[in-house]
Amino acid sequence: MKTPGDVVGRVLAGEHPAIARMLTFVERRTAGVDEALAELHGKAGNAHVLGLTGPPGSGKSTLVKSLTEFYRKQGKTVGVLAVDPSSVFSGGAILGDRIRMTGLAGDEGVFIRSVATRGALGGLSRATLDAITVLDAAGKDVVVLETVGVGQAEVDVISAAQTVAVVSVPGMGDDVQAIKAGLLEIADVHVVNKSDREGAAKTVAELRDMLRLSHRKPHQWNVPIQQTVAATGDGVPELAERFAAHLAWMTEHGERERRARRNSATRIRWVAEQLVLDGLRPGVPAFDRVVDDVTARREDPLSAARRLVGRPGADTTDEEELW
């Protein structure tokens, strides 16, 4: 059976079977996958990573399909990561979004993968971030990350994407409220989808009013509002132009590098948290001894925690046993 290291070369060559296998390794955390990801990380960094988020029912999947079709007409290759809720039985993705994109099947320039939230409260799991690295290193020009659609909890998308689009739709009483509650701040582009519906002009006006009230800094990106009808493709070319303009603005003003640093810092923190948590579980000798000390009132919880993670001034006698 092939190992992650065995398929790295084929992933870098853009072979879809190898990409699929590597993503399976990533999801299962197969032995050797971390070393393979380290090699792929060095080859990534060229794709434009788009994040689409917003309330359920806003038509994100159809919009991703229309965007992908447009990019393919431009000769660009596309990787799509559709984040679906996790199955309570298997922990895997339910595949709802992928079903809506079956029309793209068979196109060698498009790779689509459903990934599970796996309980991540912000909508993204570590596997999702690693999957972006894989598709980026595989040479995809555009990587589209579609979030699960649970509203304001999905702000984690800013830790993965370079350009974030918040999708809303007329006639849903909760969409603008959700934007007010947290999504407004993360949008680089606002998309009012299903704009052929009654109330589209009202939704656009509300968004404009909220953007006027936001605190702007000098030379800040002017967040646009783009109306689309994803089912027919209306407004999709213009939306792609908005994304390209944002990428050009980031490059010109140094924002691309700043976002790369922010995203790298977030990923380091997430991995560090996981490494620490792996050592803080029953059965790890150092952890069990500290639990005994706290239970017997020989030590307080804060001091015990500091000692376990090796904070300055802490007793790190048992620290090596954690790792």
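Note that this is a predicted model, so its numbers are computed, not measured.
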[X] vs [Y] side-chain heavy atoms within contact, under 4.5 Å:
X	Y	result
Met250	Leu247	yes
Glu146	Ser61	yes
His16	Ile19	yes
Leu37	Val134	yes
Leu280	Leu308	yes
Phe243	Leu67	yes
Lys194	Asp196	yes

Excluding sequence neighbours, so at least two apart, what forms side chain to side chain donor-acceptor pair (under 3.5 Å) with [X]?
X	result
Arg208	none
Arg10	Glu15
His41	none
Thr251	none

Among residues at least two apart in sequence or on other chains, which ones pass salt bridge (charged side-chain N to carboxylate O under 4.0 Å, His left out) with Asp293?
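Applying salt bridge (charged side-chain N to carboxylate O under 4.0 Å, His left out) to Asp293 gives Arg298, Arg307.
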What residues form a salt bridge (charged side-chain N to carboxylate O under 4.0 Å, His left out) with Arg212, not counting sequence neighbours?
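Salt bridge (charged side-chain N to carboxylate O under 4.0 Å, His left out) list for Arg212, sorted by chain: Asp209.
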Show the nearest heavy-atom pair for residues [X] and [Y], with the distance to one decimal.
X	Y	answer
Ala44	Ala137	CB-N, 4.0 Å
Ile186	Val164	O-CB, 3.4 Å
Ala187	Val223	O-CG2, 3.6 Å
Lys140	Ala47	O-CB, 3.2 Å
Ala160	Leu145	CB-CD2, 3.9 Å
Ala200	Val192	O-CG1, 4.5 Å

Kindly assign one of parallel, tilted or perpendicular to the pair His246 and Trp249, based on the angle between their ring planes and the thresholds 30° and 60°.
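His246 vs Trp249 ring planes: parallel.
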Listed once per pair and sorted, the salt bridge (Lys or Arg N to Asp or Glu O under 4.0 Å) pairs that draw on residues 33-43, sequence neighbours left out
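Every pair satisfying salt bridge (Lys or Arg N to Asp or Glu O under 4.0 Å) with a residue in residues 33-43: Arg29-Asp34, Asp34-Arg126.
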Qualifying salt bridge (Lys or Arg N to Asp or Glu O under 4.0 Å) pairs with a residue from residues 249-258, counting only residues at least two apart or across chains
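Found Glu255-Arg258, Glu255-Arg259.
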Is it true that Thr163 and His48 share a donor-acceptor pair across their side chains at a distance under 3.5 Å?
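The criterion, which ignores hydrogens and geometry beyond distance, is satisfied for Thr163 and His48.
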Do any N or O atoms from the side chain of [X] and from the backbone of [Y] form a donor-acceptor pair under 3.5 angstrom?
X	Y	result
Asp288	Pro282	no
Asp6	Thr3	yes
Trp221	Asp188	yes
Lys2	Ala18	no
Asn46	Asp136	no
Thr53	Val166	no

Pair up each side-chain donor or acceptor in residues 224-239 with any protein partner under 3.5 Å, not counting sequence neighbours, and list the distances.
from, atom 1, to, atom 2, distance (Å)
Gln226, OE1, Arg242, NE, 3.1
Gln227, NE2, Ser195, OG, 3.4
Thr228, OG1, Asn193, OD1, 2.9
Thr232, OG1, Val229, O, 3.2
Thr232, OG1, Asp234, N, 3.4
Thr232, OG1, Asp234, OD2, 3.4

Residues in side chain to side chain contact (heavy atoms under 4.5 Å, CB included) contact with Ala20, at least two apart in sequence or another chain:
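With neighbours one apart ignored, the set is Phe111, Arg113.
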Go through the structure and list residues passing side chain to side chain contact (heavy atoms under 4.5 Å, CB included) with Asp107, not counting sequence neighbours.
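Side chain to side chain contact (heavy atoms under 4.5 Å, CB included) list for Asp107, sorted by chain: Arg72, Val110.
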Would Val33 and Arg28 count as a side-chain contact (heavy atoms from CB on, under 4.5 Å) if you check the C-alpha gap in whole Å, the side-chain angles of each, and the deciding distance to 0.1 Å?
CA-CA 9 Å; Val33 74; Arg28 295 177 179 174; over 6 Å; no
Calculate, to the nearest 0.5 Å, the distance between atoms CZ and CD belonging to Phe70 and Glu241 respectively.
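Reported value, rounded in 0.5 Å steps: 6.5 Å.
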Hey, could you give me the CG/CG distance between Leu135 and Leu40, rounded to the nearest 0.5 Å?
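Atom-to-atom, Leu135:CG and Leu40:CG are 10.5 Å apart.
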Inter- and intrachain pairs under side chain to side chain donor-acceptor pair (under 3.5 Å), touching residues 267-277, at least two apart
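Checked against side chain to side chain donor-acceptor pair (under 3.5 Å) - neighbours excluded - the pairs reaching residues 267-277 are Asp130-Arg267, Thr133-Arg267, Thr266-Arg269, Gln274-Asp278.
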Take Lys73 and Glu69 through the salt bridge (charged side-chain N to carboxylate O under 4.0 Å, His left out) test and state the conclusion after the steps.
CA-CA 6 Å; Lys73 290 177 182 177; Glu69 291 171 342; over 6 Å; no
